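Structure first, commentary second.
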Amino acid sequence: MKCVNNDEINLRWHIFYTLKKLKNTLEKPSIPSRSRKILKTIYDNLKDIEMNAIGSIDNIANGLSLIDKIILGINYGAPEWPNKLLDLYGPPIKCLVIPFITEHLATSDIQKYLPWWKQPCECYLLPFHAEEQDSPLDLQFFSKHLDKAWSMYNQELSDRFALIFAPGISIMTFNYDMFDWKQATDINWPKEMKDWIEEIARSPRKSEVSPKAWDWKWDEICHATALLLENIPPSQIKDDPLEVISILIAGSIVASYEIHKGASFEEMASLERLIAFACDGSLFLSKYRSS
């Protein structure tokens, strides 16, 4: 009979409990299909493990600890909005933002802990930190997740979405280095907002990011802004669906304007729901058109 040391015994227990957690989570009907595929891949890699071919016990234990965090994050629930934006604008690889993990990783990275690791397809896992909000107004974190996912895919730094969302991020964070509002005063903003935009434009801080630095759809953004001010969800312009990015930028501008006017928490929550409804309406219209 082979004698096993305490480290190997502890590892066997760790594997057993991890498989049990995986099985219990997979049995939950509430787990989304993308999360379920990741869990099933992990389960398939652990269930037939050969203990005599595992290599470094410490390395395997570290891999299991990472898997524990992935299970915990999926069990807790993936935030809606970062994942929705990654589905729309992320790279052509499935991405999942979940809490509790602390690093960005591809599922294939688990192979450095589990040498026998095999998987049918790649997926990127991105951390959802405590300071982030699952809200259509959190453009700063949307841009961070999108740029990171594209950096992982292309193997080079990306700040494309930091630029795309720059007008909204700038106005919500008072970071006027991000966008040149002086050049945005002539845009067709709703009348009631023009004085406020001009006040922002008087900031002494300068930015080289002009309204022409990206192909922003200012007609859509202004249209969505006007409707949001009237408490109407802006899902389309004429007969065409509005771009979700335009709705989100407009939403951030209106939210900042309402806060400037002293809006209550209830009013801000109502605006957030209106923006979310508008985005869902735009997506529904887009799918209806393409079907």
Side-chain angles (χ1 to χ4, degrees), residues 1-129 134 145-146 148-155:
M1 178 184 292
K2 177 187 174 184
C3 293
V4 293
N5 59 37
N6 288 339
D7 288 341
E8 188 172 328
I9 291 172
N10 290 335
L11 183 63
R12 288 173 183 268
W13 279 116
H14 197 165
I15 293 169
F16 170 73
Y17 287 129
T18 301
L19 284 167
K20 185 176 179 181
K21 282 186 283 189
L22 283 164
K23 193 170 186 298
N24 289 340
T25 305
L26 282 166
E27 289 174 352
K28 292 181 179 179
S30 59
I31 300 298
S33 60
R34 181 176 315 173
S35 300
R36 189 175 298 279
K37 286 178 183 176
I38 294 170
L39 294 173
K40 185 68 167 58
T41 298
I42 296 171
Y43 184 85
D44 289 343
N45 274 279
L46 285 182
K47 67 183 177 68
D48 297 322
I49 186 173
E50 295 287 343
M51 291 300 297
N52 60 352
I54 61 172
S56 167
I57 288 179
D58 288 341
N59 208 37
I60 303 300
N62 290 335
L64 291 171
S65 296
L66 174 59
I67 287 169
D68 286 341
K69 291 176 183 177
I70 294 171
I71 299 169
L72 187 62
I74 289 174
N75 257 321
Y76 185 85
E80 175 187 4
W81 282 96
N83 286 299
K84 183 176 287 189
L85 268 289
L86 281 161
D87 282 347
L88 286 172
Y89 302 113
I93 281 184
K94 294 297 184 183
C95 301
L96 182 65
V97 178
I98 54 172
F100 301 112
I101 62 171
T102 56
E103 58 183 315
H104 301 81
L105 69 144
T107 47
S108 58
D109 292 340
I110 299 175
Q111 190 172 31
K112 66 185 178 185
Y113 301 107
L114 312 180
W116 65 88
W117 180 265
K118 295 178 182 177
Q119 63 183 38
C121 60
E122 183 72 287
C123 179
Y124 294 159
L125 300 173
L126 300 96
F128 184 74
H129 298 298
D134 188 9
H145 289 308
L146 284 162
K148 183 60 182 180
W150 277 103
S151 294
M152 293 169 72
Y153 180 73
N154 291 325
Q155 297 297 303

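Small disclaimer: the values here were computed from a predicted structure and weren't measured. Worth knowing before you read on, the calculation uses all heavy atoms, side chains too, and leaves out hydrogens, waters and symmetry mates.
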Tell me, with the steps shown, if Ile101 and Leu105 meet side chain to side chain contact (heavy atoms under 4.5 Å, CB included). CA-CA 9 Å; Ile101 62 171; Leu105 69 144; 4.2 Å; yes
Walk me through it: do Leu114 and Ile67 pass the test side chain to side chain contact (heavy atoms under 4.5 Å, CB included)? CA-CA 11 Å; Leu114 312 180; Ile67 287 169; 3.9 Å; yes
Side chain to side chain contact (heavy atoms under 4.5 Å, CB included) between Asn24 and Asn75, intermediate numbers included: CA-CA 10 Å; Asn24 289 340; Asn75 257 321; over 6 Å; no
For Lys69 and Ile98: C-alpha separation, side-chain torsions, deciding distance, then whether side chain to side chain contact (heavy atoms under 4.5 Å, CB included) applies. CA-CA 9 Å; Lys69 291 176 183 177; Ile98 54 172; over 6 Å; no
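To the nearest 0.5 angstrom, Ile71 atom CD1 is 13.0 Å from Lys20 atom NZ. Atom SG of residue Cys95 and atom NZ of residue Lys148 lie 12.0 Å apart, to the nearest 0.5 angstrom. One distance of note links CH2 of Trp81 with CZ of Phe128; it measures 13.0 Å at 0.5 Å rounding. Note that the OG1 atom of Thr18 and the OH atom of Tyr43 stand 12.0 Å from one another [nearest 0.5 Å]. Distance CG/Leu39 to CG/Asp44: 11.0 Å, rounded to 0.5 Å. Between Leu125 atom CG and Leu66 atom CG the span is 8.0 Å, to the nearest 0.5 Å.
Within the 3.5 Å criterion, the main-chain N or O of Leu26 finds a donor-acceptor partner in the side chain of Arg36. A donor-acceptor pair under 3.5 Å is absent between the side-chain atoms of Glu80 and the main chain of Asp134, judged by distance alone. Listed for the Thr107 side chain is no donor-acceptor partner under 3.5 Å among the backbone atoms of Glu122. Asn59 places a side-chain N or O within donor-acceptor distance of the main-chain N or O of Lys112, the cut-off being under 3.5 Å. Listed for the Asn45 side chain is no donor-acceptor partner under 3.5 Å among the backbone atoms of Ile42.
The aromatic rings of Tyr17 and Trp13 lie parallel to each other, their planes meeting at an angle below 30°, with 60° marking the opposite boundary.
Gly90 and Leu146 get closest at one heavy-atom pair: N-CD2, 3.7 Å. The heavy-atom pair separating Ser108 from Trp117 by the smallest distance is CA-NE1, 4.3 Å. For the pair Pro115 and Ile60, the tightest heavy-atom approach, listed with the atom from each and the gap, is CD-CD1, 4.0 Å. Nearest approach of Met152 to Ala106, heavy atoms of both residues: CE-N, 3.8 Å. When every heavy atom of Trp150 is checked against every heavy atom of Tyr89, the shortest pair comes out as NE1-O, 2.9 Å.
By the 4.5 Å heavy-atom criterion applied to side chains, Asn6 and Ile9 are counted as neighbours. At a threshold of 4.5 Å between non-hydrogen side-chain atoms, the residues Leu96 and Ile74 count as touching. The closest side-chain heavy-atom distance from Pro92 to Tyr153 is below 4.5 Å. When side chains are defined from C-beta on, Pro127 counts as touching His104, because their heavy atoms get closer than 4.5 Å.
Inspection of the Gln119 and Thr41 side chains reveals no N or O donor paired with an N or O acceptor under 3.5 Å. Side-chain atoms of Asp68 and His14 form a donor-acceptor pair, as typed in the model, at a separation below 3.5 Å.
No salt bridge links Asp7 with Arg12; every basic N to acidic carboxylate O contact stays at or beyond 4.0 Å.
The 12-atom threshold is exceeded at NZ of Lys21, counting heavy atoms of other residues, nucleotides or ligands nearer than 6.0 Å.
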